Asker: 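Okay, handing you the structure first.
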Amino acid sequence: MGKLAPLSEEPINEEDEETNNSKKGFQSWRNWNWIKTHFTLVFNKKSNLKILLSVLGCPLFPVPVHPKLPFNELSSSAQYIIQHFTAATGCRKLEGTVKNVFTTGKVAMVVVDELKSTAGGGGGFNGASERGCFVMWQMVPDKWQMELVVGGQKVLAGSNGNIAWRHTPWLGVHAAKGGVRPLRRALQGLDPLAVSAVFCAAQYMGEKQISGTDCFVLKLSADQKDLVERSDNTAEMIKHAIFGYFSQRSGLLVYLEDSYLTRIQVPGTNPMYWETTMSTKIEDYRAVDGVMIAHAGSSTVMITRFGDNMKAGPAITRLQESWTIDDVAFNVPGLSLDCFIPPQELHKDYPDEDLDWRSPLHR
């Protein structure tokens with residue numbers, strides 16, 4: 001058995017999934033070969049849920065929680081903005097006192113439309129909304145696990161600090177390539193300490209008004225080394241950047257916008273490009289033990305596929321998600337390192353020292 005494939009944040013084709021399951025040919029999925037049949041995705045009610053969960057379920061942040069970036073003139077501006085953010089959220093009081101965080105919430109997802117070509121303007125599609133809930137555990141600073149159930153399907157994702165993985169009922173267990181990164185969902189106002197740790201070394205990009213709110217804009221990008229580690233001989237990750245919008249008035253993070261571009265070339269075909277852009281509005285901040293935590297928000301995802309293979313022009317898919325937070329609790333009794341042990345399937349493909357939470361890196 002070869003190495004497990006990276007976490008996929010792209011749509012999954014239902015017909016191909018059934019064929020591979022019947023043949024038990026999971027190796028073809030573990031090497032990005034499913035891309036071959038995704039050039040002309042046809043969405044239907046049966047496959048919409050897998051598309052939503054693949055893209056919106058548990059995407060990862062572009063950079064680690066503790067980026068090793070040099071302090072420079074740009075990051076000094078970011079430092080000022082983050083100081084305002086930490087004061088507004090009161091998250092500094094968590095440092096050294098919080099060992100874990102427990103969160104529960106509800107989600108609603110929908111495939112809004114799928115356009116075969118921007119030129120044609122047709123092919124609109126309105127899918128039914130899929131509703132569900134999630135539970136997320138975090139152990140400071142880089143161990144986390146999440147269970148998301150939507151429409152009767154469950155997706156699990158986790159990290160033990162050395163390796164991140166995801167488990168879906170249609171693809172089994174997958175390991176993330178590249179360094180361990182936090183869940184994007186956790187940085188949507190749920191983990192202000194992680195937000196401050198990441199964005200304090202960001203580039204200051206100026207000011208912009210979002211939904212009538214004047215904001216400071218900070219930018220983070222995955223470095224070239226990480227992009228290479230997240231690529232293989234079929235799919236090349238070209239960029240992954242994220243912008244954080246912090247309210248000038250309140251100091252809070254109110255908007256996230258990130259995009260990643262992948263170049264895909266199956267042997268014998270022309271290259272194709274997938275660009276995924278996710279825009280997230282973060283709102284309803286409430287105090288939890290004196291710390292401001294966002295309790296609601298919404299995201300819109302635009303997936304654009306273009307290249308010489310697309311005879312009719314670019315294909316664009318739009319997804320939407322809204323969520324609410326039911327409960328946030330710090331220092332939950334009983335949450336231990338045992339909760340973050342990777343699935344047994346990963347032990348077959350990775351050295352024990354990469355999976356064992358007892359290693360010196362985590363003592």
Side-chain angles (χ1 to χ4, degrees), residues 4 6-7 9 57-68 91-105 134-149 154-168 173-201 220 222 226 229-230 242 288-289 291 293-294 325 327-363:
L4 294 177
L7 293 174
E9 296 170 8
C58 47
L60 301 183
F61 208 67
V63 299
V65 173
H66 302 290
K68 296 180 180 179
C91 64
R92 289 304 180 199
K93 65 184 66 175
L94 300 178
E95 290 184 323
T97 64
V98 171
K99 296 182 179 179
N100 64 63
V101 184
F102 171 78
T103 306
T104 63
F134 69 89
V135 178
M136 186 166 60
W137 300 267
Q138 296 183 84
M139 183 166 284
V140 179
D142 53 6
K143 299 174 184 66
W144 49 264
Q145 187 168 149
M146 174 181 166
E147 294 184 12
L148 174 71
V149 179
K154 179 188 287 189
V155 174
L156 297 92
S159 166
N160 69 342
N162 269 344
I163 188 172
W165 66 88
R166 184 178 69 170
H167 181 273
T168 66
V173 177
H174 287 249
K177 299 183 71 174
V180 169
R181 293 168 283 139
L183 279 170
R184 188 186 191 277
R185 193 175 297 275
L187 275 78
Q188 293 172 178
L190 288 176
D191 190 345
L193 270 181
V195 171
S196 61
V198 169
F199 277 104
C200 67
L220 287 165
D226 185 59
E229 291 178 348
R230 291 162 58 186
I242 191 161
V288 178
D289 293 344
V291 179
I293 303 292
I325 301 302
D327 188 28
V328 177
F330 303 118
N331 294 327
V332 177
L335 190 63
S336 69
L337 292 171
D338 291 340
C339 300
F340 305 95
I341 296 176
Q344 186 62 37
E345 293 90 333
L346 292 184
H347 286 272
K348 302 175 183 178
D349 296 271
Y350 287 85
D352 288 342
E353 58 267 23
D354 289 340
L355 300 172
D356 192 353
W357 51 262
R358 302 174 183 86
S359 66
L361 290 175
H362 302 285
R363 289 175 183 169

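Since the structure is predicted, the reported quantities are computational estimates derived from the model, not experimental observations. Just so you know, residue 1 is the first one in the sequence shown, and it goes up from there.
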Asker: Nearest 0.5 angstrom please: W144 CH2 to W137 CH2, how far?
Answerer: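 Going from CH2 on W144 over to CH2 on W137, the span is 12.5 Å.
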
Asker: Any side-chain heavy atom of F102 within less than 4.5 Å of one from L335?
Answerer: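 SC-SC contact between F102 and L335 ruled out.
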
Asker: With sequence neighbours excluded, what pairs up with F61 under the ring-ring contact (aromatic ring centres under 6.0 Å, His included) test?
Answerer: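 ring-ring contact (aromatic ring centres under 6.0 Å, His included) list for F61, sorted by chain: empty.
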
Asker: What pairs with Q145 under side chain to side chain donor-acceptor pair (under 3.5 Å), at least two apart in sequence or on another chain?
Answerer: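 For Q145 there are no side chain to side chain donor-acceptor pair (under 3.5 Å) partners, ignoring immediate neighbours.
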
Asker: Start with the C-alpha gap between Q188 and L190, add the side-chain angles, then the distance that decides, and say whether side chain to side chain contact (heavy atoms under 4.5 Å, CB included) holds.
Answerer: CA-CA 6 Å; Q188 293 172 178; L190 288 176; 5.7 Å; no

Asker: By the definition side-chain contact (heavy atoms from CB on, under 4.5 Å), identify the one residue from V98, N160, L337 that meets it with M139.
Answerer: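 Result for side-chain contact (heavy atoms from CB on, under 4.5 Å) with M139: L337.
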
Asker: Short question: side chain of T104, backbone of V328 - any donor-acceptor pair under 3.5 Å?
Answerer: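 It does not hold such a pair.
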
Asker: State the OG-CE distance between S159 and M146, to the nearest 0.5 angstrom.
Answerer: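 So the OG of S159 and the CE of M146 are separated by 14.0 Å.
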
Asker: Could you tell me which residues satisfy side chain to side chain contact (heavy atoms under 4.5 Å, CB included) with A294, sequence neighbours excluded, listed by chain and number?
Answerer: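 If we apply the side chain to side chain contact (heavy atoms under 4.5 Å, CB included) test to A294, skipping adjacent residues, the hits are I282, Y285.
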
Asker: Please find the pair of heavy atoms, one from A186 and one from Q138, that lie closest to each other, and give the distance.
Answerer: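 Answer, listing the atom of A186 first, then Q138: CB-OE1, 3.8 Å.
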
Asker: Just how far is it from atom CE of M136 to atom OG1 of T103, taken to the nearest 0.5 Å?
Answerer: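 One finds 4.5 Å between CE of M136 and OG1 of T103.
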
Asker: For the side chain of D142 and the backbone of N162, is there at least one donor-acceptor N/O pair under 3.5 Å apart?
Answerer: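 Pair absent, no side-chain N/O of D142 close to backbone of N162.
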
Asker: For the CG atom of L187 and the CG atom of L60, what is their distance to the nearest 0.5 Å?
Answerer: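 Interatomic distance, L187 CG to L60 CG, rounded to 0.5 Å: 11.0 Å.
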
Asker: Using side chain to side chain contact (heavy atoms under 4.5 Å, CB included) as the criterion, list what pairs up with D289, not counting sequence neighbours.
Answerer: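 If we apply the side chain to side chain contact (heavy atoms under 4.5 Å, CB included) test to D289, skipping adjacent residues, the hits are F330.
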
Asker: Name all residues meeting the side chain to side chain contact (heavy atoms under 4.5 Å, CB included) criterion together with V291; count only those two or more places apart in sequence or in a different chain, and write none if there are none.
Answerer: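 By the side chain to side chain contact (heavy atoms under 4.5 Å, CB included) rule, V291 matches C91, K93, L94, P192, I293.
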
Asker: I'd like to check the side chain to side chain contact (heavy atoms under 4.5 Å, CB included) partners of S336; sequence neighbours left out, ordered by chain and number.
Answerer: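 S336 satisfies side chain to side chain contact (heavy atoms under 4.5 Å, CB included) with D338, C339 only.
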
Asker: Quick one: closest heavy-atom pair of R181 and P62, and the distance?
Answerer: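 Heavy atoms only, the tightest pair is CD-O, 3.4 Å.
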
Asker: Counting C-beta onward and ignoring hydrogens, is there a side-chain heavy-atom pair between V155 and E147 closer than 4.5 Å?
Answerer: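 No, side chains not in contact.
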
Asker: Looking only at heavy atoms, which two atoms of P64 and V198 are closest? And how far apart?
Answerer: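 Scanning both residues, the minimum pair turns out to be O-CG2, 3.6 Å.
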
Asker: Rounded to the nearest 0.5 Å, what separates atom SG in C58 from atom CH2 in W165?
Answerer: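 So the SG of C58 and the CH2 of W165 are separated by 12.0 Å.
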
Asker: Between L193 and S196, what is the shortest heavy-atom contact and its length?
Answerer: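 Heavy atoms of L193 and S196 come nearest at O-OG, 2.8 Å.
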
Asker: State, to 0.1 Å, how close V173 and P343 come at their nearest heavy-atom pair, and which atoms those are.
Answerer: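 Looking at all heavy atoms of both residues, the closest pair is CG2-CB, 4.1 Å.
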
Asker: Please check: side-chain N/O of R185 versus main-chain N/O of G57, any donor-acceptor pairing under 3.5 Å?
Answerer: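 Looks like yes, one N/O pair under 3.5 Å.
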
Asker: Sequence neighbours left out, what passes side chain to side chain donor-acceptor pair (under 3.5 Å) with N100? Give chain and number order.
Answerer: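 Applying side chain to side chain donor-acceptor pair (under 3.5 Å) to N100 gives none.
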
